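Everything on this sheet refers to the single structure shown next.
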Amino acid sequence: MSDLPYLPFARPTLDEATIAAVADVLRSGWITSGPRVKAFEAALSASVGGRPVRVVSSATAALELALHVAGIGPGDEVITPAMTFFAAPNMIVKVGATPVFVDVEPTTRNLDLAQAAARIGPRTRAIMPTHFGGLPCDMDGLYALAARHGLRVIEDAALAIGSTWRGRPLGSFGDLCVFSFHPNKNVTSIEGGALVVNDEHEAQHVEVLRFHGIVRRPDGTRDVAQVASKFNLPDVNAVVGLHQLAQLPVFNARRRALADRYFARLRTDPPLELPHPGYPGEANGHSFNLFAPLLPLSALTLSRTQFRAALEARGIGTGVSYEAAHLASAFARFGYHRGDLPHTEHIADTTVTLPLFPSMSDADVDRVCAACAEVIAAARIDPAR
Ligand SMILES: *Cc1c(COP(=O)(O)O)cnc(C)c1O
C-alpha cells in the first residue's frame, strides 16, 4: 500500500566511526571484557556525577544483580508498578522474592506512590520503579517514601538515560539505578546494561557477581566466593556503547524535537490520548524513548490489532509498551486478576507505540500522523447513529 520505505518504531543510529571502532577492537586481539569496558564504565560514571557504574550483558542482568546487592531474596517483597517491562518482576521472582504489583498514575504512567505506600508491609524490602518511556518518577516523593520505611530503591531507568529531575540526570543521585543498551533504547551497545551503585564496596560485589562469583586468593589462584552467573559485557559491545554515549545529548535532543512535532501535529477524530509531555521547566527532563498515545477504542469500529495492521500496511511499524505485568501467566500464583489495577489495564489495552528514533525525519512524523488520522477517520463510530 505504501511506496515509502518501511518505518520501524525504533532503530539504532550507528555512524561510521562506531563501525570503524568495532573493527579496531576485533583486530586488537582482545575482544571480550577489557580496556573498553573500563573506559565505558568511566564515561558512564562521569555522566552520573562520578558515582560508580559497572556494565553487564543486559539491563535484565543488572536488575538481577541490583537485587542481590540490595540483599533481597526469599521471603522479601518488592513493590513494582504493573505498567513495566517483564524484566523487573521476572528478576524479583528469580531471586526468590515476591513482586507486589501497584497501579500507575494515568498521566505519567509511573508508579502511584500513594498506592505503593499502602502496600508497604513488614516484608517489604525495596521499591523497583520504572521511569516510564523516559519520564522520571516523582523522585522527591519516591525517595521520601523509601527513607520513611527504610527501603532500598532499584530504579529501572532502561528507557531514561539522560533524563533529568530538577536538572540532575537520573542515576546521579538516589540508590541503585539500571540502564539498558538494547538497540531500541536511547543509546545501544547491541546488548548491554549498566548498574549505578553507591560505593566501591557495592561495585566490587557487582564485579564478583557478574563473573562466576570468582575472587582472587593471595597466591593468585581463584576461589568462588558465592555461586554466581556470567554477565560480563564484551569490549566489542563496550566500544559501541562508548561512541553512542558521546552522542546521547544529540540523540535525546532529536527525540524531544520529534516528540514536540507529534504533540503539535498528531490530531485525530476522535482524538488519541497523547502521552505526558514532560514536566514544565525541565528542558531535558524526558528522554522520549517512547511516544505511545492511547487509542480511543470505545469510539472506533476497529481493535488495536486492526489499527496496528492498518499502519503496518502503510509501511509503519508500531509496538505495545507494555502489557499488564500483573496479568502475565508466570505471575498468576501471586493472585492478581483483571480489574485489580485499572489504570495499568487501560493503558495496556489501548496503548500503541509510534515510531520515534533520532534518525527519523520531520516528514516521517508527518507521515505517521497522517496515517493515524486516516485509519481512525475510517473507523469512527458515527455519534449521530
Ligand atoms: C528494555 C527494558 C528492560 C530490559 O533491558 P535489556 O537490556 O533488554 O535486558 C528492562 N526494563 C525496561 C523498562 C525496558 O524497557
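Order of appearance sets the numbers: ligands from 1, and atoms from 1 within every ligand. Every value quoted in this text rests on a predicted model; they were computed, and no experiment measured them. Here, residue 1 is the first one in the sequence, and each next residue gets the next number.
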Distance col, row D76:CG vs L67:CG, nearest 0.5 angstrom, shows 9.5 Å
Just to verify, what does F291 make a ring-ring contact (aromatic ring centres under 6.0 Å, His included) with, not counting sequence neighbours? Y262, F263
Going by chain and number, the hydrophobic cluster around F173 (ILVMFWY, side chain to side chain under 4.5 Å) further includes I79, V93, V100, F101, V102, L111, L113, I120, I127, L135, M139, L142, Y143, L145, L151, V153, W165, L170, Y279, F331, F334, Y336, L341
Looking at L248, I want to see if its CG is surrounded by more than 12 non-hydrogen atoms of other residues, nucleotides or ligands under 6.0 Å. yes
For ligand 1, protein residues within the heavy-atom limit of under 4.0 Å are S58, A59, T60, F85, A87, T130, D156, A158, L159, S180, H182, K185, G192, Y322
Is there a path of hydrophobic side-chain contacts, each under 4.5 Å between heavy atoms of I, L, V, M, F, W or Y residues, that connects L159 with L354? no
State which residues pass side chain to side chain donor-acceptor pair (under 3.5 Å) with R338; sequence neighbours excluded, sorted by chain then number. D349
